[in-house]
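Whatever order the structure lists them in is the order used to number ligands and atoms, beginning at 1.
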Amino acid sequence: MDKLVIEGGKPLSGTIVIQGAKNAALPILAASLLAEGTITIDHVPNLLDIDVMLNILRELGCRAEHKEGTVVLDTETAHTSHVPEPLMRQMRSSIFLMGPLLARFGEAQVYQPGGCAIGERKIDLHLEGLQALGAEIEELGNRIICRADKLKGADIHLSFPSVGATENIMMAAALAEGRTTISNAAREPEIQDLQGFLNAMGAKIMGAGTDTITIDGVQSLTPCRYQVIPDRIVAGTIMVAAAATRGQVTLQNTRPAHLSSLIHVMRRAGVQIAIDGDIIKVGSAARAKAVERIVTSPYPAFPTDLQSQVMVMLTLADGVSIMKETIFEGRLKHVDELTRMGADIRVDMNAAIIRGVPRLYGATVEATDLRAGAALVIAGLAAQGKTVVEQIHHIDRGYDRIETMLSRLGARISRYLPVPNNQ
Ligand code: EPZ
């Protein structure tokens, strides 16, 4: 498998344009099934997860092209509501195809996405939401068959503000009869982007970004052209890499308002951050200061997707920091690898106690999931000596050629492909 080799110790410097948001593009691609015709989506990054979603749409009968960041879909030819199991297993978030397939075909056949390194990833809230809209759900082993002659609007309360469940319900309700309200809805910017896309196709949705979303079902939706928001997690990852290497980096094409909880934490750590429109400048010549307590929670609180990256910055801070992970039960797996690089971290249940050390040392480490992998890259950039990060396919799921991105900022990083076995 590919690996990244990093020569650490060099501050990042320069300017970078942030890619479109993976977690906005994925539900928007799924929602494209709700209209028949040619749909064009701009600022879609080149990622493994996007490739999987496009392959699923092709398997469903759509034509899909992805060139220079623009996806052109022809959804008219979609003819089946059965998502192939091998493709579902490649990307668990394909579960939010249920809503659009159910709304378009009156049926959806998917498979239990199963857990992953970060957690069990349950889908009970998705299924309860679709049932509330009138879907009948049959589970045969790991196969899930949903059927609904006509979806009807309903008042739905989510016991947890699940991002995926909120998106699935929004997409199904867009073509349901009558009004649907989702209370305790997820408030992430990606939900707001999905509302923007659906409304651009003629849906009648209000409230995304708040905890109550109202959807008035319409008869049909019309294809449109739409641009995806910038990726706040990729931007946050670069910001933390700049701080951890004590560099000076300018980020373009950002939405600072989507990063306010991270900016608050980084400023508490003594990092200089200047904001000018969609530009964020990060500078940090001195060692960071410890941050007493950071708790991951649903948006707009501190995001779980930036927990591992910020932890790397805190391993090199003066003092003791505590990070508590409350969203995913398996999202502290990067701690072992960071410890092997010289970090001083102790895990107690779902909390990590991080005591700053003078430096990290390069080592051969393994990415266990997407954001843990990104954190290990940051650790390699900040460490003294050489780091090899293995299993980097996890990282390619969410970062568009991370080595190219970082090399442009002066990092000494290369991707090594496995030598073909010439036996
Ligand atoms: C989305 O996952 C993101 N993925 C994740 O990003 C992100 O970490 C997560 O939201 C939280 O912000 C995409 O948007 C494609 P959830 P999702 O449903 O929708 C529990 C990345 O790194 N839950 O809000 O799966 C679940 O077990 C990825 O880009 C239920 O119990 O997140 C978890 O503990 C990783 N029942 C918590 O809620 C359900 O039916 C958060 O899940 C659904 C979820």
Report yes if Ala165 has an N/O atom closer than 3.5 Å to an N/O atom of ligand 1; otherwise report no.
-> no

For ligand 1, which atoms, with element, lie under 4.0 Å from some heavy atom of Ser93?
-> 15 (C)

Sorted by chain and number, sequence neighbours left out, salt bridge (charged side-chain N to carboxylate O under 4.0 Å, His left out) with Asp336 holds for none

Could you tell me whether ligand 1 has any atom less than 4.0 Å away from a heavy atom of Gln307?
-> no

Using a 4.0 Å heavy-atom cut-off, say whether Phe160 meets ligand 1 through its side chain, its backbone, both or neither.
-> side chain

Please set out all donor-acceptor pairs under 3.5 angstrom arising from side-chain atoms of residues 300-308, sequence neighbours excluded.
unit_1 : atom_1 : unit_2 : atom_2 : d
Thr304 : OG1    : Glu325 : OE1    : 3.0
Thr304 : OG1    : Glu325 : OE2    : 3.0
Thr304 : OG1    : Arg331 : NH1    : 2.8
Asp305 : OD1    : Arg331 : NH1    : 2.6
Asp305 : OD1    : Arg331 : NH2    : 3.1
Gln307 : OE1    : His334 : NE2    : 3.0
Gln307 : NE2    : Glu325 : OE1    : 3.0
Gln307 : NE2    : Arg331 : O      : 2.8
Ser308 : OG     : Arg371 : O      : 3.0

Is Glu120 near ligand 1, meaning one of its heavy atoms is under 4.0 Å from it?
-> no

Polar atom proximity, Ile118 to ligand 1 (N or O, under 3.5 Å) = no

Any heavy atom of Arg397 sitting closer than 4.0 Å to ligand 1?
-> no

Min N/O separation Asp124 to ligand 1 under 3.5 Å = yes

Looking at ligand 1, does any of its N/O atoms fall within less than 3.5 Å of an N/O of Val163?
-> yes

With backbone taken as N, CA, C and O and side chain as the heavy atoms from C-beta onward, which portion of Ile233 lies under 4.0 Å from ligand 1: side chain, backbone, both, or neither?
-> neither

